[in-house]
Undergrad: 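Once you've had a glance at the structure underneath, I'll fire off some questions.
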Amino acid sequence: AQSVTQPDIHITVSEGASLELRCNYSYGATPYLFWYVQSPGQGLQLLLKYFSGDTLVQGIKGFEAEFKRSQSSFNLRKPSVHWSDAAEYFCAVGTSSNTGKLIFGQGTTLQVKP
Amino acid sequence: EPEVTQTPSHQVTQMGQEVILRCVPISNHLYFYWYRQILGQKVEFLVSFYNNEISEKSEIFDDQFSVERPDGSNFTLKIRSTKLEDSAMYFCASKTVTDTQYFGPGTRLTVL
């Protein structure tokens, strides 16, 4: 069955420090992979996506993610975190069915210390 | 930039009442979705809609739920007889043929 695991429920980093949020997926075919961010009271905003090609993808707000097929991972990174990055981050896998539904991980809450 | 909109932002209802959640997808999109997020839990797929019919639904989407695209712009989710466990944030999403879904801000449904 398709699934997404985000092992870290809550992460705290200092402003200016680097960040890595982990995501592992289980999917039989070539996955479409996404990272979304949700600020309090807001909807889900797409940060970046991987469909094919270069395994290192760049997104908005200085985020990047690397697809590693051998590890079934799609970890999100940012070299220097800003206080405004505090939010909840969701990794998702898109199925290749006609519906293209998304399967989400549990989410990681990022707290940024001044 | 075009965006998905949802109304209302917050809906409070009594158990057993019917509710309709409304969404206006991005205008040139063809695929429409509803997801829900119970407080503290992951976002879960409910239903997808394409070419004026349901293309896939989850186990959650039972006979109490229905979706409709009544005109060229709106996409609605109806819950016929709400239960306490229907309390959640409901997200609408839409996409074109490419696989990037754009989400609305959500409707928080509270069932008392």
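Side chains included, hydrogens not; waters and symmetry mates left out as well; all remaining heavy atoms used. So that the names make sense, note that chain A is the first sequence line, chain B the second, and so on, each numbered from 1.
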Undergrad: Same cluster or not: are Phe75(B) and Val4(B) linked, directly or through other Ile, Leu, Val, Met, Phe, Trp or Tyr residues, by side-chain heavy atoms under 4.5 angstrom apart?
TA: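 Phe75(B) does not cluster with Val4(B).
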
Undergrad: Heavy-atom cut-off 4.5 Å, strictly under: side chain, backbone, both or neither for Tyr50(B) against chain A?
TA: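 Neither part, no heavy atoms under 4.5 Å.
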
Undergrad: Would you indicate whether Gln58(A), at its atom CD, is surrounded by more than 12 heavy atoms from other residues, nucleotides or ligands within a distance under 6.0 Å?
TA: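 Enclosed.
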
Undergrad: Working to the nearest 0.5 Å, report the span between NZ of Lys101(A) and NZ of Lys57(B).
TA: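 One finds 13.0 Å between NZ of Lys101(A) and NZ of Lys57(B).
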
Undergrad: Let me know if Gln38(A) has heavy atoms under 4.5 Å from chain B in its side chain, its backbone, both or neither.
TA: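 Just the side chain, heavy atoms under 4.5 Å.
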
Undergrad: Would a 4.5 Å heavy-atom cut-off, applied to side chains only, mark Phe90(A) and Gln37(B) as touching?
TA: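 Result yes, sub-4.5 Å side-chain heavy-atom pair found.
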
Undergrad: State whether a side-chain donor-acceptor pair under 3.5 Å links Lys49(A) with Thr100(B).
TA: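 Present: a donor and an acceptor within the cut-off.
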
Undergrad: Need one label for Leu46(A): side chain, backbone, both or neither, based on atoms under 4.5 Å from any heavy atom in chain B.
TA: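 Contact with chain B is through the side chain of Leu46(A) alone.
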
Undergrad: With a 4.5 angstrom heavy-atom cut-off, is it the side chain or the backbone of Phe49(B) that approaches chain A, or both, or neither?
TA: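 The answer is neither part of Phe49(B).
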
Undergrad: Take atom CG of Leu39(B) as the centre, draw a 6.0 Å sphere, and report whether it contains more than 12 heavy atoms from other residues, nucleotides or ligands.
TA: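 Count not over threshold, so no.
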
Undergrad: Do side-chain atoms of Glu44(B) reach the backbone of Phe104(A) as a donor and acceptor pair under 3.5 angstrom?
TA: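 Judged by distance alone, no pair lies under 3.5 Å.
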
Undergrad: Please report the interatomic distance SG(Cys91(A)) to NZ(Lys42(B)), rounded to the nearest 0.5 Å.
TA: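 Between atom SG of Cys91(A) and atom NZ of Lys42(B) there are 10.5 Å.
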
Undergrad: Counting only heavy atoms not in Tyr90(B) (residues, nucleotides, ligands), do more than 12 fall under 6.0 Å from its OH?
TA: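 Count over threshold, so yes.
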
Undergrad: More than 12 heavy atoms of other residues, nucleotides or ligands under 6.0 Å from CG of Asp62(B): is that the case?
TA: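 It does: Asp62(B) CG has more than 12 such atoms within range.
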
Undergrad: Counting only heavy atoms not in Lys83(B) (residues, nucleotides, ligands), do more than 12 fall under 6.0 Å from its NZ?
TA: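 It does: Lys83(B) NZ has more than 12 such atoms within range.
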
Undergrad: Taking atom CG of Leu44(A) and atom CE of Met89(B), what is their separation to the nearest 0.5 Å?
TA: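 It is 9.0 Å, given to the nearest 0.5 Å.
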
Undergrad: Would Val57(A) and Leu19(A) show up in the same hydrophobic cluster when neighbours are defined by side-chain heavy atoms closer than 4.5 Å?
TA: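 Same cluster: Val57(A) reaches Leu19(A) through Ile, Leu, Val, Met, Phe, Trp or Tyr contacts under 4.5 Å.
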
Undergrad: Using the rule side chain to side chain contact (heavy atoms under 4.5 Å, CB included), only one of Phe45(B), Tyr33(B), Phe103(B) pairs with Leu102(A); which is it?
TA: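 The option that passes is Phe103(B).
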
Undergrad: Can you get from Tyr89(A) to Phe74(A) by hopping between Ile, Leu, Val, Met, Phe, Trp and Tyr side chains that sit under 4.5 Å apart?
TA: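 Result: yes, single cluster for both.
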
Undergrad: Gln6(B) versus chain A, heavy atoms under 4.5 Å apart: side chain, backbone, both or neither?
TA: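 Neither part.
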
